[in-house]
Protein chains: 2
Amino acid sequence: MGASKTDHFTEEQNQIAIVAKALGHPARIAIIEYLLKVNACICNDIVNELPLAQSTISQHLKELKNAGLIKGEIEGNSICYCINETTFNVLKEYFSRIIFTVTNQKCC
Amino acid sequence: MGASKTDHFTEEQNQIAIVAKALGHPARIAIIEYLLKVNACICNDIVNELPLAQSTISQHLKELKNAGLIKGEIEGNSICYCINETTFNVLKEYFSRIIFTVTNQKCC
DNA sequence: ATTTAATATCGCAATATTACGATATAGATT
DNA sequence: AATCTATATCGTAATATTGCGATATTAAAT
C-alpha cells in the first residue's frame with residue numbers, strides 16, 4: 001500500500017488534503033515563512049537559509065507549487081517564487097467554517 | 001531517508017507541520033467532517049461511513065489524536081471522539097497571519 | 001564561445017505511510 | 001460465565017516521501 005483511496009472522497013476533501021499535505025513538512029513551512037519574510041524571492045537564497053541540499057529544496061518548492069501554495073515566475077536567470085494568497089485563503093475559510101460549526105455544538 | 005530533519009526548524013514550524021500533515025489525507029478530512037456533522041461521535045459509525053477497514057480508521061483516528069486535532073474520551077463500551085477546537089484555532093490564526101502579511105506586500 | 005550562476009531532474013538508499021486481515025482487549029449484554 | 005460490540009494493536013505488503021549527489025539545463029556574464 002502507501003497510496004490513499006482518493007476515489008471515495010469528495011473533490012473538496014481531496015483538495016484540502018493535498019494542500020495540507022504539502023504544508024506537512026517543516027522545511028516547506030520554513031520556505032513559506034522565508035518567502036513571507038523576504039517579500040522578493042529567489043530559490044538560491046533559501047539554500048543558504050535552510051540546512052538542506054539545493055536539490056532537496058527544489059523538490060520542496062515543486063511540491064508547494066503543485067499544491068498551489070506558491071507561484072513561480074521565471075525572471076531571467078533565477079525564479080521568483082511567491083505565496084499564492086488564494087490557496088491560503090481557501091484553507092483559512094475552511095478552518096473558519098470548522099471552528100464556527102464546532103463552537104455552535106454542545107457535544108464534548 | 002524518509003525522515004524529516006526536524007532538528008533544524010523552529011518549534012512552531014514543526015508543530016504546524018505536524019498538524020498539517022495529520023490533515024494531509026482525505027480520509028482524515030472526511031473523519032473531521034463526519035465528527036462535525038454528527039456532533040456526538042462514535043468511531044464505529046465512521047466505519048460504516050467510510051470505505052476503509054475498521055483497523056485503518058482506528059489508525060487515522062490515532063494520528064488525528066496525536067496531532068491534537070481530536071480528543072477521545074472512553075464512554076463505557078465505545079469512545080467519544082470530538083474535534084479539538086484549540087488546535088484548529090491555532091491553524092486558523094497561523095494562516096490568518098500569513099494572509100495578513102502577504103496582503104501587505106507588494107511583490108508578485 | 002566559455003564560463004558562471006541558478007535551478008531542475010535523475011537515480012538511489014533509507015525510512016514513512018497506507019491499508020488490510022488477524023488478533024487482542026475490555027466493557028456490555030445475555 | 002459466555003458472548004457480543006467497539007476499539008486498538010500487530011504484522012505485513014505495497015507504495016510514497018525525504019534527502020542526497022551527480023548531472024542536466026538555461027540564461028547571464030566574461
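Note on naming: letters A, B, ... go to the chains in the order of the sequence lines (proteins, then strands), and numbering restarts at 1 for each one. Both backbone and side-chain heavy atoms feed into the values below; hydrogens, waters and symmetry mates do not.
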Return the value, rounded to whole Å, for the distance between atom CD of A:E63 and atom P of D:dA16.
-> 13 Å

Taking C:dT18, D:dT18, D:dA8 as options, the one with an atom nearest any side-chain atom of B:Q59 is C:dT18

The side chain of A:H60 lies closest to which of these nucleotides: C:dA6, D:dG19, C:dA16?
-> D:dG19

B:K62 vs A:A27, nearer the 5' end of DNA chain D by closest nucleotide | B:K62

d(CD, A:E73; C1', C:dT7) in whole Å | 16 Å

Can you tell me how far P of D:dA16 sits from NZ of A:K21, to the nearest Å?
-> 9 Å

Can you sort out the partners of A:Q13 under side-chain hydrogen bond (donor to acceptor under 3.5 Å, both in side chains), two or more places apart, ordered by chain and number?
-> A:T10, B:E33

Short side-chain N/O contact to D:dC20 OP1/OP2 from A:T56, under 4.0 Å = yes

Let me know the distance between CG of A:L52 and P of D:dT17, rounded to the nearest Å.
-> 17 Å

Does C:dA6 have OP1 or OP2 sitting under 4.0 Å from an N or O in the side chain of A:Y81?
-> no

Report the residues that fulfil side-chain hydrogen bond (donor to acceptor under 3.5 Å, both in side chains) with A:E93, sequence neighbours left out, ordered by chain and then residue number.
-> none

Atom CD1 of A:I32 and atom CD1 of A:I70: how far apart are they, to the nearest 0.5 Å?
-> 6.0 Å

Whole angstrom is fine here: how far is it from CG in A:L61 over to P in C:dA6?
-> 15 Å

Rounded to the Å, how far apart are B:L23 CG and C:dT17 C1'?
-> 16 Å

B:T86 meets the side-chain hydrogen bond (donor to acceptor under 3.5 Å, both in side chains) criterion, sequence neighbours left out, with B:N84

Nearest-Å distance, CD1 (B:I79) to P (D:dA6)?
-> 12 Å

Taking only residues two or more places apart in sequence, or in another chain, which ones meet A:E63 in a salt bridge (Lys or Arg N to Asp or Glu O under 4.0 Å)?
-> A:R28

Can you tell me how far C1' of C:dA8 sits from CD1 of A:I46, to the nearest Å?
-> 14 Å

A:T56 side-chain N/O to A:L52 backbone N/O, donor-acceptor pair under 3.5 Å | no

Nearest-nucleotide pick for B:S78, side chain only, options being D:dT7, D:dG19, C:dA6 = D:dT7

For B:K62, check side chain to side chain contact (heavy atoms under 4.5 Å, CB included) against everything at least two apart and list the hits.
-> B:N66

Expected rows: protein N/O vs nucleotides 22-30 of chain C N/O, under 3.5 Å:
none

Using a heavy-atom cut-off of under 4.0 Å over every strand shown, decide if B:K65 touches base, sugar-phosphate, or nothing.
-> nothing

